[in-house]
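These notes concern the structure reproduced below.
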Amino acid sequence: MRITVCPGATAASAHVVRRIAAALRRDPSLVLSLPTGRTPIEVYDGLARLVARGRLDFSRAVTFNLDEFVGLALDDPRSYRAFMGRHLFDRVGLPPRRAHVLDGAARDLAGECARFERAIEAAGGIGLSLVGIGLNGHVGFNEPGPGLVAATHRVKLTSLTRRANAKPFGGDPRRVPHEALTMGIGTILGARRIVLLATGRSKARVVPRAIAGPVTTWLPASFLQLHADVEFVLDRDAASRLG
Ligand code: GLP
């Protein structure tokens, strides 16, 4: 496990941009898995800037998003699909057939999860997975509980997660979907390399538990400790309780 502490969120994001850019230059058909949320926005901005300057090429890359809300239409601006379009896909010219996002509006949600797993396998597996961490230690939408599911599946979101995701829903957690689809913890750990980015004081309590606490289903990010090639990229605020 590698831990990189950067002076601020901008420096931490720039570090992750360098990691992704180097991996993509080495392997132009890299398979990435990507998160949503506040944290990766600066990373996506940095990648888009490199593409705009002709210093990075996404035309052969393949991406799989970690998760999506259940019940939002494909073109709903509050969906993670729309978020990814705005922040990354449209800016780096990633064609929709190479940018895989779970369809939370699919009629057969179990079938959609199985299709997603098959698509990851057909792409040759995930080369680099960028993940964030929820306030309760979730990765993707794998919420804490008595057990975890290995493969992509449907989940019920906790009220804390719905509160944390309320912004695009007018700040009202009651309007946040109650369910989501998420890559399972096994799918995430199946990536050849994982980079977790956490920034800001709000993550200071959960980060040490993920890095050095017991591996427990009550803190899904702790399972990343089991991976052979994982890097935790933190800013000083997120690392402030690491000791
Ligand atoms: C959401 C996403 C996660 C993300 C987490 C942290 O619930 N499903 O994939 O890592 O929240 O988000 P933020 O970066 O906004 O703190």
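Atoms within each ligand, like the ligands themselves, are counted from 1 in listed order. Fair warning: this is a prediction, and the values are worked out from it, not measured in the lab. Numbering starts at 1 and runs along the sequence shown.
Linking ILVMFWY residues whenever their side-chain heavy atoms come closer than 4.5 Å, directly or via other members, places L94 and I41 in the same cluster.
The other members of the hydrophobic cluster of V176, by chain and number, are F69, L72, Y80, F141, V155, L157, F169 (side-chain heavy atoms under 4.5 Å, ILVMFWY only).
Although no hydrogens or angles enter the test, the distance criterion places a donor-acceptor pair under 3.5 Å between the side chain of H227 and the main chain of A191.
Residue-level contacts of ligand 1 at the 4.0 Å heavy-atom threshold are T36, G37, R38, T39, D67, Y80, G132, I133, H138, G140, F141, N165, K203.
For R174, the side-chain hydrogen bond (donor to acceptor under 3.5 Å, both in side chains) partners at least two apart in sequence or on another chain are D172.
S29 and D27 share a side-chain donor-acceptor pair at under 3.5 Å.
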List, one per line, each side-chain donor-acceptor pair under 3.5 Å for residues 195-213, sequence neighbours excluded.
{"unit_1": "T199", "atom_1": "OG1", "unit_2": "R38", "atom_2": "NH1", "d": "3.3"}
{"unit_1": "R201", "atom_1": "NH2", "unit_2": "D237", "atom_2": "OD1", "d": "3.1"}
{"unit_1": "K203", "atom_1": "NZ", "unit_2": "I133", "atom_2": "O", "d": "2.9"}

